[in-house]
Amino acid sequence: MSTPSHHFSDAEKRGLYRAIDERRDVRSQFLPDPIAPEILARVLKAAHHAPSVGFMQPWDFIVIESSEVRASIVAMFEQENQKAAERFEGERKERYQGLKLQGILESPINLCITCDRRRGGPHVLGRNSILETDLFSTCLAVQNLWLAARAEGIGVGWVSILDQAQLSSALSLPNHVYPVAYLCLGYVSEFLDKPELETKGWRARLPLHELVHSDHWGQPLADSPLVTALHEQE
């Protein structure tokens, strides 16, 4: 009996789960090697094929190569990063200040993924109750791009320590377009075995079995094959 075309082979499934397991938020390992246009196009296509509520496809992609634009983004980052450091004290503050949290100048390409909050018109199918579904949908595009990039051997770093109003001004965004993710893309010298914040002792990955509830919040799963399987995945 032939395998249905919609089934993934074992090798294809291993590739998918490998991309998920080995995806990293890259800040320190970027190489100057350029990304070929056809590869970047494939990664952008993967992002564009993300699911979206009401098929609104609210995303746009701003490819940033200008050194002048990047310099302005770095200045924004440094300003906001200083504010963020003041939220911590003592050893925690010192550890924070020792972290490298962006690769804006080192990466060959910066990319801003935006959300057009008017895309699809005033009445988007499925969006009447939860207006933020356009933002959620754009985040799915970010994840698609990240996994496709990892499969291509490209590192991605999300620079979240930015003032969104200043970033919008720097990129000339209309008022109805929101900058969801400012990303650094490039080939890397290595992908770390674990997330960098984990290896540097900032946070550890939470145990999966503690995050799965039964029927209601806070109600643990009864002893079952699922409980055993969850522990085996950790």
Side-chain angles (χ1 to χ4, degrees), residues 17-32 64 67 69-113 132 135-136 138-139 142-143 145-147 149-150 153-171 178-213 217-218 220-221 227 230-234:
Y17 285 115
R18 180 186 171 193
I20 293 170
D21 288 342
E22 297 183 11
R23 182 211 58 80
R24 294 290 178 264
D25 192 353
V26 175
R27 291 96 171 237
S28 307
Q29 296 84 32
F30 285 113
L31 300 173
I64 301 160
S67 57
V69 173
R70 292 195 203 196
S72 69
I73 304 301
V74 169
M76 291 179 207
F77 167 83
E78 291 176 346
Q79 181 182 42
E80 292 302 309
N81 194 44
Q82 181 59 39
K83 293 179 184 177
E86 297 304 320
R87 295 177 179 269
F88 304 104
E89 297 179 352
E91 183 273 338
R92 193 71 166 168
K93 182 174 182 178
E94 290 180 10
R95 182 170 293 187
Y96 179 88
Q97 291 174 324
L99 296 171
K100 181 171 174 54
L101 299 176
Q102 55 84 18
I104 296 168
L105 300 181
E106 298 92 334
S107 57
I109 291 176
N110 289 188
L111 179 74
C112 187
I113 301 183
E132 294 84 2
L135 298 171
F136 304 159
T138 305
C139 287
V142 176
Q143 179 76 335
L145 180 138
W146 217 325
L147 294 177
R150 178 62 189 89
I154 295 169
V156 178
W158 188 329
V159 185
S160 61
I161 307 174
L162 295 171
D163 181 276
Q164 297 298 79
Q166 291 181 7
L167 179 60
S168 296
S169 177
L171 300 180
Y178 184 79
V180 171
Y182 192 93
L183 306 173
C184 304
L185 280 71
Y187 292 105
V188 296
S189 57
E190 64 173 333
F191 286 96
L192 300 178
D193 291 337
K194 293 183 178 181
E196 190 166 359
L197 293 183
E198 184 174 6
T199 61
K200 294 192 174 180
W202 188 260
R203 279 186 65 87
R205 189 176 298 280
L206 299 173
L208 175 59
H209 72 274
E210 294 181 1
L211 307 178
V212 182
H213 308 255
W217 177 270
L221 293 169
V227 174
L230 288 172
H231 280 280
E232 291 174 349
Q233 292 299 315
E234 296 174 355

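Below, all heavy atoms of this structure are taken into account, side chains as well, without hydrogens, waters or symmetry copies.
Taken from CZ in F191 to CD1 in I154, the straight-line distance is 8.0 Å, to the nearest 0.5 Å. The distance from atom CD of E86 to atom CG of N81, rounded to the nearest 0.5 Å, is 10.5 Å. Atom CD in E89 sits 12.5 Å away from atom CZ in R87 (nearest 0.5 Å). If you take CZ on F77 and CD1 on I161, they are separated by 4.5 Å, rounding to the nearest 0.5 Å. Between atom CD of residue Q97 and atom CZ of residue F88 there is a gap of 10.5 Å, rounded to the nearest 0.5 Å.
Side-chain contact between R18 and D21 is absent, with no heavy-atom pair separated by less than 4.5 Å. The closest side-chain heavy-atom distance from W158 to V142 is below 4.5 Å. Considering only heavy atoms from C-beta on, L197 stays 4.5 Å or farther from D25 through its side chain. In this structure the side chain of L147 reaches within 4.5 angstrom of the side chain of R23, judged on heavy atoms.
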Got a list of side-chain donor-acceptor pairs under 3.5 Å for residues 99-111, not counting sequence neighbours?
from : atom 1 : to   : atom 2 : distance (Å)
K100 : NZ     : Q102 : O      : 2.9
K100 : NZ     : E106 : OE2    : 2.8
Q102 : OE1    : I104 : N      : 2.8
S107 : OG     : G103 : O      : 2.8
S107 : OG     : N110 : ND2    : 3.0
N110 : OD1    : Y182 : OH     : 2.7
N110 : ND2    : I104 : O      : 3.2

With a 3.5 Å cut-off and sequence neighbours excluded, list the donor-acceptor pairs that the side chains of residues 198-205 form with protein atoms.
from : atom 1 : to   : atom 2 : distance (Å)
T199 : OG1    : E196 : O      : 2.9
K200 : NZ     : E196 : OE2    : 3.2

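For the residue pair E78 / Q82, no side-chain donor-acceptor distance below 3.5 Å is found, with atom types taken as modelled.
K83 and E80 are joined by a salt bridge, as a carboxylate oxygen and a charged side-chain nitrogen come within less than 4.0 angstrom of each other.
Residues forming a salt bridge (Lys or Arg N to Asp or Glu O under 4.0 Å) with R150 (at least two apart in sequence, or on another chain): E22.
Smallest separation of non-hydrogen atoms from A84 and Y96: CB-OH, 3.2 Å. The two residues L135 and Y178 make their nearest non-hydrogen contact at CD2-CD2, 3.9 Å.
One N or O on the side chain of E234 and one on the backbone of H209 form a donor-acceptor pair closer than 3.5 Å. Proximity of a side-chain donor or acceptor of Q164 to a complementary backbone N or O of P179 within less than 3.5 Å is detected. Without hydrogens or angle criteria, R24 side chain to L192 main chain gives a donor-acceptor distance under 3.5 Å.
Shown here is Q233, whose CD atom has no more than 12 heavy atoms of other residues, nucleotides or ligands within 6.0 Å. The local environment of CZ in R92 is crowded, with over 12 non-hydrogen atoms from other residues, nucleotides or ligands closer than 6.0 Å.
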